[in-house]
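Residue numbers start from 1 in every chain, and the chains themselves are labelled A, B, ... in the order their sequence lines are given, proteins ahead of strands.
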Amino acid sequence: MKDHLTDLLFNVIKQLTDKLSQSQIIIDRPKLIEHGDFSTNIALILSKILKKPPRDIAELILNQLPETTHFNKIEIAGAGFLNFFLSPFSHQTIINQVMKEKDNYGSNKNGQNHKIQVEFVSANPTGPLHVGHGRGAAIGDSIARLFKFSGWEVTREFYYNDAGAQIDNLMRSVKSHCLNIKPNDKNFPEDGYRGSYIADIAKDYLAKKSIKCAGQNIQASGDVNNEDSIRIFSIAYLRNEQDTDLEAFQTTFDIYTLESDLYKNHKVDFVVETLIKEGHTYEKDGALWLKTTKFGDDKDRVMKKSDGDFTYFVPDVAYHFDKWTRGFIRVINEQGADHHSTISRVRAGLQGLNKNIPSGWPEYVLHQMITVMRNGAEVKISKRAGSYVTLKDLIDEVGCDATRYFLAARRSDSQLIFDIDLAKSQSNDNPVYYIQYAHARIEGVLNQWGGERNKLSIDSIYNFRSLAEKKLIKRLSEFPEVVVQATEELAPHQITNFLKDCAAELHSYYNDSKFLVDDELTKLSRLTLIYAAQCVIKNGLRLLGISAPKKM
RNA sequence: CUGCCCGUAGCUCAAUCGGAUAGAGCACCAGCCUUCUAAGCUGGGGGUUACAGGUUCGAUUCCUGUCGGGCAGGCCA
């Protein structure tokens, strides 16, 4: 419809000037229904070129526009906006299209089956997942769903930092517990992990339990002096726990990549050798440095420490080069904002490899920090993790749907306050239930009607007249555009906003009109409209990984 | 000190990548259930978009500066 309108306008404008390309014609969806279903500011833009008042130009365009069945009113408003109002014929077309596409309504093929990878959560296996990981999971998973809905071939990936100092730290913390050295003891590792989960791991380790991890059973030896065994068991234990939490959060991954594997199969070595060969490194103070300043960083970074270990970003570069060789034309990394300094290093490292990787590759979505509130006060600790609120706490207390909703409902680059009391309340305070309730209400009406809902469609004779109907239809027609934009901007919160608006219009309509009326044509038309609305709400909720209940 | 993000109603947040009267929800006030789910609807009050300049037909949006909050910056994950 937008394209059609652009064509119409361009044909007229061509005759007025040749200084405007078709891509400069922007069709907006006005916020207010009084401003129509579509609008354009093209007359305002042309007024500069043609040196005429915008309203005059708008009138000129209006008079030249050919008759069309799509609109029954076009008017000039405000400073010179052209507003278009959809005809009953268009209303039918929109609703019937939803009926035809059902679960696919709103999807598109923009991705052309190109390969894209979304990496998210990627928590270190050193403790339970916290709220921040939850935000990453909610946003990252929704982004992956959006891309899939937009015709991309999506791979969801989780990266485990299972090598490096923090893992050694984990091992020493567990070992201390095994030796009955507690966190408040002098001999407990100073930077050790102090949550109660460490004691649980130690207990299971000593009991020689076995843990399932990545399809394998990992058996604890129970030997306090076998540090390798402790390390392997601890990682397996925590990975298993994280997997369980993510499953409860309706979040799945296609591939798990281990940092340790990048060392094992020499991908790290390859990257280091290549960077040396390309002349982007130098030695200083017994360490190997990468000239990241060549690629826009504000200072050079150490790659290999004087003790021979690599700094953390080196395997990161190797990992991303691996992604590149796997053929992803786009890679989206969803991370907490505390990682933002890695962006320039990873990109610099990739540039240094001289493999024609685009400078803006990979892309990053960074989410800001979260404050959890209860009873008006900040919650900082959990029983299990000690120093932070775990994702499991939230899921257990407020449920998966509400947790996902609240963590995805905000722009990722603003800090968010997670109000446990609000998320928990099963009342009108809670937008999740507000949306789900709209879905369930429609289900109730359709059930009472009892007819064959898949045969519903709009008969050409029927006209939707009420404001509530027009608003709802307009909203449904916008869904495909919202999907496109939310995908392009990597912003799933636009879907939550859309759903809230859509649900509001449905509820208004519900109170405004009765659906199961005597007149057959009216009844079927209205039922078709609300069934279409139900499809849209369901599709939107699915993009967020939130359930669409039939009864509440 | 330097870089990145943010600052919008009492609170939590939007605002279609420069558009029309800055919108929702919560809270507050007044109404609506013998009729398809009241977890709902209708109406009302509430704003110098942190502040000061600039760019133009037009700025919450772009630029500069100031103030305030968060994050990051070390041979560190």
Side-chain angles (χ1 to χ4, degrees), chain A residues 26-32 34-35 39-41 44-45 47-48 53-54 77-81 83 124 126 161 164-167 169 284-289 297-299 301-307 309-313 316 336-344 366-369 371 373 376 406 409-419 422 425-438 440-449 468 478 481-482 485 488-489 493-494 496-498 500-501 503-504 506-517 526-527 530 551-552:
Chain A
I26 293 166
I27 311 292
D28 278 326
R29 310 287 315 222
K31 285 179 266 204
L32 297 172
E34 297 81 47
H35 293 151
S39 76
T40 180
N41 62 349
L44 293 142
I45 292 171
S47 84
K48 206 179 263 178
F81 293 94
N83 295 335
N124 290 345
T126 54
N161 285 106
Q166 81 281 5
I167 294 298
N169 195 356
K284 196 179 94 181
D285 305 332
L288 185 68
W289 294 68
D297 205 353
D298 49 357
K299 59 183 98 167
R301 308 288 171 179
V302 170
M303 287 173 67
K304 194 178 190 178
K305 298 186 278 178
S306 49
D307 66 5
D309 286 345
F310 292 110
T311 53
Y312 78 101
F313 87 92
D316 244 22
D338 51 340
H339 291 95
H340 73 80
S341 62
T342 76
I343 299 176
S344 54
L366 299 180
H367 64 256
Q368 297 290 322
M369 302 291 110
T371 307
M373 304 284 284
F406 279 93
R410 311 276 184 245
R411 284 174 46 198
S412 57
D413 55 9
S414 66
Q415 295 160 40
L416 89 75
I417 294 183
F418 191 105
D419 185 337
L422 173 61
S425 68
Q426 302 208 350
S427 71
N428 50 349
D429 310 5
N430 194 326
V432 193
Y433 295 105
Y434 184 80
I435 296 164
Q436 292 180 322
Y437 183 48
R441 262 184 146 177
I442 297 168
E443 186 67 25
V445 177
L446 291 171
N447 275 340
Q448 281 203 17
W449 167 59
E478 285 171 10
E481 294 161 31
V482 173
Q485 192 174 333
E488 275 174 5
E489 296 182 12
H493 78 277
Q494 295 182 1
T496 63
N497 289 338
F498 171 86
K500 220 164 63 175
D501 292 338
L506 187 281
H507 287 309
S508 289
Y509 185 33
Y510 190 98
N511 280 271
D512 176 70
S513 305
K514 193 161 162 57
F515 308 122
L516 300 175
V517 292
R526 289 179 179 173
L527 286 172
I530 60 168
K551 234 195 275 184
M552 286 175 78

Item to complete: Find the partner of B:U56: check Watson-Crick (N1-N3 plus N6-O4 or O6-N4) and G-U wobble (N1-O2, O6-N3) distances, both under 3.5 Å, and reply none if neither fits.
Response: none
Practice prompt. Remember a base hit wins even if backbone is also touched, and classify A:Asp338 as base, sugar-phosphate or nothing at under 4.0 Å, heavy atoms.
Written response: sugar-phosphate
Item to complete: Using only side-chain N and O atoms of A:Lys31, determine if any of them is under 4.0 Å from OP1 or OP2 of B:A15.
Response: no
Worksheet item: Rounded to the nearest 0.5 Å, how far does CD of A:Glu481 lie from CD of A:Gln494?
Response: 12.0 Å
Fill in: Residue pair A:Thr342, A:Tyr312: steps toward the side-chain contact (heavy atoms from CB on, under 4.5 Å) verdict
CA-CA 9 Å; A:Thr342 76; A:Tyr312 78 101; 3.0 Å; yes
Practice prompt. Give the rounded distance in Å between these two atoms: CD1 of A:Ile26 and C1' of B:G18.
Written response: 10 Å
Worksheet item: Of A:Asp413 and A:Trp289, whose nearest nucleotide on RNA chain B comes first from the 5' end?
Response: A:Asp413
Fill in: Rounded C1' spacing from B:G65 to B:U55 in Å
15 Å
Discussion item. What contact category does A:Asp285 fall into here, base, sugar-phosphate, or nothing, at under 4.0 angstrom with non-hydrogen atoms?
Written reply: base
Worksheet item: Quick one: A:Tyr437 OH to B:C36 P, roughly how many Å, whole number?
Response: 11 Å
Worksheet item: Using a cut-off of 4.0 Å on non-hydrogen atoms, how would the nucleic acid contact of A:His493 be classed: base, sugar-phosphate, or nothing?
Response: sugar-phosphate
Fill in: For atom NE2 of A:His507 and atom P of B:A24, their distance in whole Å
16 Å
Discussion item. Over all strands shown, is A:Ser39 touching base, sugar-phosphate only, or nothing at heavy-atom distances under 4.0 angstrom?
Written reply: base
Fill in: Side-chain heavy-atom pair A:Phe406, A:Val432 within 4.5 angstrom cut-off
yes
Worksheet item: Does the side chain of A:Ser341 get closer than 4.0 angstrom to OP1 or OP2 of B:G74 through an N or O atom?
Response: no
Worksheet item: OP1 or OP2 of B:U37 sitting under 4.0 Å from any side-chain N/O of A:Gln448?
Response: yes
Worksheet item: What does A:Ala77 touch in the nucleic acid at a heavy-atom separation under 4.0 angstrom: a base, only the sugar-phosphate, or nothing?
Response: base
Discussion item. Without decimals, in angstroms, what is the distance between A:Phe406 CZ and B:G25 P?
Written reply: 14 Å
Discussion item. Counting only Watson-Crick pairs (N1-N3 plus N6-O4 or O6-N4) and G-U wobbles (N1-O2, O6-N3), all under 3.5 Å, who is the partner of B:G3?
Written reply: B:C71
Practice prompt. Verify the contact: side-chain N or O of A:Ser508 to OP1 or OP2 of B:U42, cut-off strictly under 4.0 Å; return yes or no.
Written response: yes
Fill in: Length of the line joining A:Phe515:CZ and B:C41:C1', which is rounded to integer Å
12 Å
Worksheet entry | Nucleotide forming a Watson-Crick or wobble pair with B:C41, both distances under 3.5 Å | B:G31
Practice prompt. Report yes if the ring of A:His35 lies under 5.5 Å from the six-membered base ring of B:A20 with planes under 30°, and no otherwise.
Written response: yes
Practice prompt. Look at all strands and tell whether A:Gln415 reaches a base, only sugar-phosphate, or nothing, counting heavy atoms closer than 4.0 Å.
Written response: base
Fill in: Any donor-acceptor N/O pair under 3.5 Å between B:G3 base and A:Asp298 side chain
no
Discussion item. So, does A:Lys500 get its side chain near the phosphate of B:C26, meaning an N or O under 4.0 Å from OP1 or OP2?
Written reply: no
Worksheet entry | Pairing partner (Watson-Crick or G-U wobble, both distances under 3.5 angstrom) of B:G47 | none
Practice prompt. Answer yes if the side chains of A:Arg441 and A:His507 hold a donor-acceptor pair under 3.5 Å, and no otherwise.
Written response: yes
Worksheet entry | Full working for side-chain contact (heavy atoms from CB on, under 4.5 Å) between A:Gln448 and A:Leu516 | CA-CA 9 Å; A:Gln448 281 203 17; A:Leu516 300 175; 3.9 Å; yes
Item to complete: Please work out if A:Asn497 contacts a base, only the sugar-phosphate, or nothing of the nucleic acid, heavy-atom cut-off 4.0 Å.
Response: sugar-phosphate
Fill in: Who pairs with B:C36 - Watson-Crick or G-U, where each distance is under 3.5 Å
none
Practice prompt. Report the base-pairing partner of B:C11 (Watson-Crick or G-U wobble, both distances below 3.5 angstrom), or none.
Written response: B:G25
Worksheet item: Is any side-chain N or O of A:Arg441 closer than 4.0 Å to OP1 or OP2 of B:A38?
Response: yes
Worksheet item: According to a strict under-4.0 Å criterion, is A:Arg411 in side-chain N/O contact with OP1 or OP2 of B:C6?
Response: yes
Discussion item. Tell me whether A:Phe81 and B:A20 count as stacked here, given that the ring centres must be under 5.5 Å apart and the planes must differ by less than 30 degrees.
Written reply: yes
Worksheet item: If you look at every strand shown and take non-hydrogen atoms under 4.0 Å, does A:Lys551 touch a base, only sugar-phosphate, or nothing?
Response: base
Worksheet entry | Rounded distance (Å) that lies between atom P of B:U35 and atom CG of A:Leu516 | 14 Å
Discussion item. Could you check B:C57 for me: syn (within 90° of 0) or anti?
Written reply: anti
Item to complete: Find out whether A:His35 and A:Asp28 are in side-chain contact, i.e. whether some heavy atom of one side chain is under 4.5 Å from a heavy atom of the other.
Response: no
Practice prompt. Rounded to the nearest 0.5 Å, what's the gap from CG on A:Leu366 to CG on A:Asp413? Could you check?
Written response: 9.0 Å
Worksheet item: Per the atom types in the model, does the base of B:A77 pair as donor or acceptor with the side chain of A:Tyr312 at under 3.5 Å?
Response: yes
Discussion item. Measure CD1/A:Ile530 against P/B:G40 and give the value in whole Å, please.
Written reply: 18 Å
Item to complete: Assign A:Ala438 to base, sugar-phosphate, or nothing according to its heavy-atom contacts below 4.0 angstrom with the strands shown.
Response: nothing
Item to complete: Answer yes or no: side-chain N or O of A:Thr311 and base N or O of B:A77 forming a donor-acceptor pair under 3.5 Å.
Response: no
Practice prompt. Answer with base, sugar-phosphate or nothing: what part of the nucleic acid does A:Ile343 contact at a heavy-atom distance below 4.0 Å?
Written response: nothing
Worksheet item: Do A:Asp28 and B:A20 share a donor-acceptor pair, side chain to base, under 3.5 Å?
Response: no
Worksheet item: Which part of the nucleic acid, if any, lies within contact of A:Ser513, taking any heavy atom under 4.0 Å across all strands shown: a base, the sugar-phosphate backbone alone, or nothing?
Response: base
Discussion item. According to side-chain contact (heavy atoms from CB on, under 4.5 Å), who are the partners of A:Ala409, at least two apart in sequence or on a separate chain?
Written reply: A:Tyr405, A:Thr496
Worksheet item: Using a cut-off of less than 4.0 Å, is there contact between a side-chain N or O of A:Arg410 and OP1 or OP2 of B:C6?
Response: no
Discussion item. Please report the distance separating the C1' of B:A20 from the corresponding atom of B:C41, rounded so that it comes out in whole Å.
Written reply: 28 Å
Discussion item. Applying a 4.0 Å non-hydrogen cut-off, can you work out what A:Tyr510 is touching in the nucleic acid: base, sugar-phosphate, or nothing?
Written reply: base
Practice prompt. Describe the nucleic acid contact of A:Ile417 in one word from base, sugar-phosphate, nothing, applying a heavy-atom distance below 4.0 Å.
Written response: sugar-phosphate
Item to complete: Report which part of the nucleic acid A:Ala79 touches: base, sugar-phosphate, or nothing (heavy-atom distance under 4.0 Å, all strands).
Response: nothing
Practice prompt. Identify, with sequence neighbours excluded, every residue that meets ring pair (Phe, Tyr, Trp, His ring centres under 6.0 Å) alongside A:Phe515.
Written response: A:Tyr509, A:Tyr510
Worksheet item: Start at the 5' end of RNA chain B and walk down; is the nucleotide closest to A:Gln485 or to A:Ile45 reached first?
Response: A:Gln485
